[in-house]
S.K.: 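Before I ask anything, let me first share the structure, which is written out below as structure tokens.
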Amino acid sequence: MHRLIASPFLSDYLLLHPGHPSGVRIPEARYNELRALTGPDAAPVWLHDAARQAWGLTLDRPPTADLLVRERSRYGYAKASWEINLGCDYDCEFCYLGEKRFEGLDWQGKQQLLRTMRDAGVLWLQITGGEALIDPEFGAAYEYAHQLGMMVQVSSNGSSLRKAPIRELFARHRPYRLTLSVYGATAETYEKVTRNRGSFGRFLDGLDAARADGLPVRLNVIVSDDNAHEVDDMVALCKRYGFPHQVFTNMSPTIDGEANPLASQAEAHMTPRSVFTGCNAGHTFFHVNPHGIASICKVGRDPSVNLITEGLATLPRLGQIAESLQLRTGGCSGCTKVGTCRTCRPLAKLYQEAGDRRELYCQHGGYGS
Ligand code: SF4
Ligand code: SF4
């Protein structure tokens, strides 16, 4: 399999080494030079130099064996996230996915979806869930995404990370990032949150395995009212492993607009979000659910387009959908604080559908004021 990818990325061209987040920007002329290479051609000297300097790589085979050149896409998307399956082996009270059905596309559908994302221009792909690693076709889909020339990030609860097939998979194809959630610093607290006996031990075994294998782990400390008393200990656990971490304190309603997760909010730990200044959801990135339904992002799921039945040509509609979803209508219309609002309109709408706990998201209720 290729060790280098040359690809368009928005208005730039990048050289990337799968499994490593850093890239080298190259001029269009050099991208075209690589694109024109055929089997027996020698790699240009600059490619040898770039690979050695950026990643310590020695290219000793014909470049076509080492290099995958991604084609330009007229759709111009750069990133996507994909819930391979919403099924999960944990049962956290605050989960924003609501009813987590164990279902998704069959293998043919998964392949079709990944090719569609490739053709849309997606270079950076996040595979998430549910718990992504327990989908029986996770490994095959992950390898296929690599084959298609995507840089793959995996988000997981870490429950299966200790298992030999997963370790071998990640050794063969290193994710450029592996994001794991932390739910507690002791078995008692962690398992109270996950409602899964023995899960803390499996999580620590997974962390040990990831550290031994040198995987690029990032830890997300998720604070709820059940584990807030262990925030400092969870941060200490992250530091002990030497993995970078972030602390997340704000709960959201479920994607179906149910309020249940908000009951787990540790309100004393809430931190104000940054002022919302716009985002590129639906324009340069999109989200896909287990059935191949694409939306502007994980929050603004409706309206959506079906990438399996409607195909790639439907994707540009997401740009128009994004424009309409960001209009401050409904419960936000006529707001006098919109210029300093910290909550994008799709998220505010979700809170409003879930019963409008304004103190959790809106300056008119005290949040972030
Ligand atoms: S939740 Fe809001 S800020 Fe985040 S990607 Fe979606 S629209 Fe953008
Ligand atoms: S401050 Fe509240 S009402 Fe105003 S735009 Fe933001 S979420 Fe909507």
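Just so you know, ligand 1 is whichever comes first in the structure, and atom 1 is the first atom listed for that ligand.
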S.K.: Relative to the heavy atoms of Cys297, which atoms of ligand 1 are at a distance of less than 4.0 Å?
M.R.: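 Ligand 1 atoms under the 4.0 Å threshold to Cys297: 1 (S), 5 (S), 6 (Fe), 7 (S).
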S.K.: Select one of side chain, backbone, both or neither to describe which atoms of Arg328 lie under 4.0 Å from any atom of ligand 2, heavy atoms only.
M.R.: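 Arg328 to ligand 2: side-chain contact only, backbone stays beyond 4.0 Å.
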S.K.: For atom 4 (Fe) of ligand 2, grab the closest protein heavy atom and report residue, atom and distance to one decimal in Å.
M.R.: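 Looking at atom 4 (Fe) of ligand 2, the protein heavy atom closest to it is Cys335 SG, 2.3 Å.
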S.K.: Looking only at side chains, do Gln126 and His287 share a donor and an acceptor under 3.5 Å apart?
M.R.: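 No, because no side-chain N or O of Gln126 sits under 3.5 Å from a partner of the opposite role on His287.
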S.K.: Distance to 0.1 Å, residue and atom name: give those for the protein heavy atom nearest to atom 8 (Fe) of ligand 1.
M.R.: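 Of every protein heavy atom, Cys279 SG, 2.3 Å lies nearest to atom 8 (Fe) of ligand 1.
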S.K.: Have Ser81 and Thr128 got a donor and an acceptor in their side chains that come within less than 3.5 Å?
M.R.: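 The answer is no; no qualifying pair exists.
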S.K.: Any N/O/S of Cys344 under 2.8 Å from atom 2 (Fe) of ligand 1?
M.R.: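 Here the distance criterion (N, O or S atom, under 2.8 Å) is met by Cys344, so yes.
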S.K.: Using a 4.0 Å heavy-atom cut-off, which part of Arg342 comes near ligand 2: side chain, backbone, both, or neither?
M.R.: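 None of Arg342 does.
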S.K.: State whether a side-chain donor-acceptor pair under 3.5 Å links Arg70 with Tyr31.
M.R.: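 Side chains of Arg70 and Tyr31: no pair found under 3.5 Å.
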S.K.: Parallel, tilted or perpendicular: which describes the rings of Trp107 and Tyr144, with under 30° parallel and over 60° perpendicular?
M.R.: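 Judged by the thresholds at 30° and 60°, the geometry between Trp107 and Tyr144 is perpendicular.
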S.K.: For ligand 2, which atoms sit closer than 4.0 Å to a heavy atom of Tyr361?
M.R.: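 It comes down to these atoms of ligand 2: 7 (S).
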S.K.: So which protein heavy atom does atom 3 (S) of ligand 1 come closest to, and at what separation?
M.R.: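 The protein heavy atom lying closest is Phe276 CE1, 3.6 Å.
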S.K.: May I ask whether Arg358 has any heavy atom positioned less than 4.0 angstrom from an atom of ligand 2?
M.R.: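 Within the 4.0 Å threshold, so yes.
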S.K.: Side chains of Tyr361 and Arg273: any donor to acceptor distance under 3.5 Å?
M.R.: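 Side chains of Arg273 and Tyr361: no pair found under 3.5 Å.
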S.K.: So that I can tick it off, tell me whether Asp135 and Lys110 are bridged by a salt bridge, with the cut-off set at under 4.0 angstrom between side-chain N and carboxylate O.
M.R.: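 Counted as a salt bridge, because a side-chain N and a carboxylate O are separated by less than 4.0 Å.
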S.K.: Do me a favour and list the nearest non-hydrogen protein atom to atom 6 (Fe) of ligand 2 with residue, atom name and distance?
M.R.: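 Result: Cys341 SG, 2.3 Å.
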S.K.: Hey, is Gln326 one of the residues with a heavy atom under 4.0 angstrom from ligand 1?
M.R.: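 Contact present.
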S.K.: Go through the side-chain N and O atoms of Tyr241 and Asp208 and say whether any donor and acceptor fall under 3.5 Å apart.
M.R.: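 Yes, because at least one side-chain N or O of Tyr241 sits under 3.5 Å from a partner of the opposite role on Asp208.
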S.K.: Flag yes if more than 12 heavy atoms outside Lys192 fall under 6.0 Å of its NZ atom; otherwise flag no.
M.R.: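 Count not over threshold, so no.
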S.K.: Identify the closest protein heavy atom to atom 2 (Fe) of ligand 2: which residue and atom is it, and at what distance?
M.R.: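 Answer, as residue, atom name and distance: Cys362 SG, 2.3 Å.
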S.K.: Could you tell me whether the side chains of Ser224 and Asp226 share a donor-acceptor contact shorter than 3.5 Å?
M.R.: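 Distance-only check fails for Ser224 and Asp226.
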S.K.: Looking at Val299, which atoms of ligand 1 are within less than 4.0 Å of one of its heavy atoms?
M.R.: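 The list of qualifying atoms is 1 (S).
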S.K.: With a 4.0 Å heavy-atom cut-off (strictly under), which part of Cys332 contacts ligand 2: side chain, backbone, both or neither?
M.R.: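 Near ligand 2, Cys332 shows its backbone as well as its side chain.
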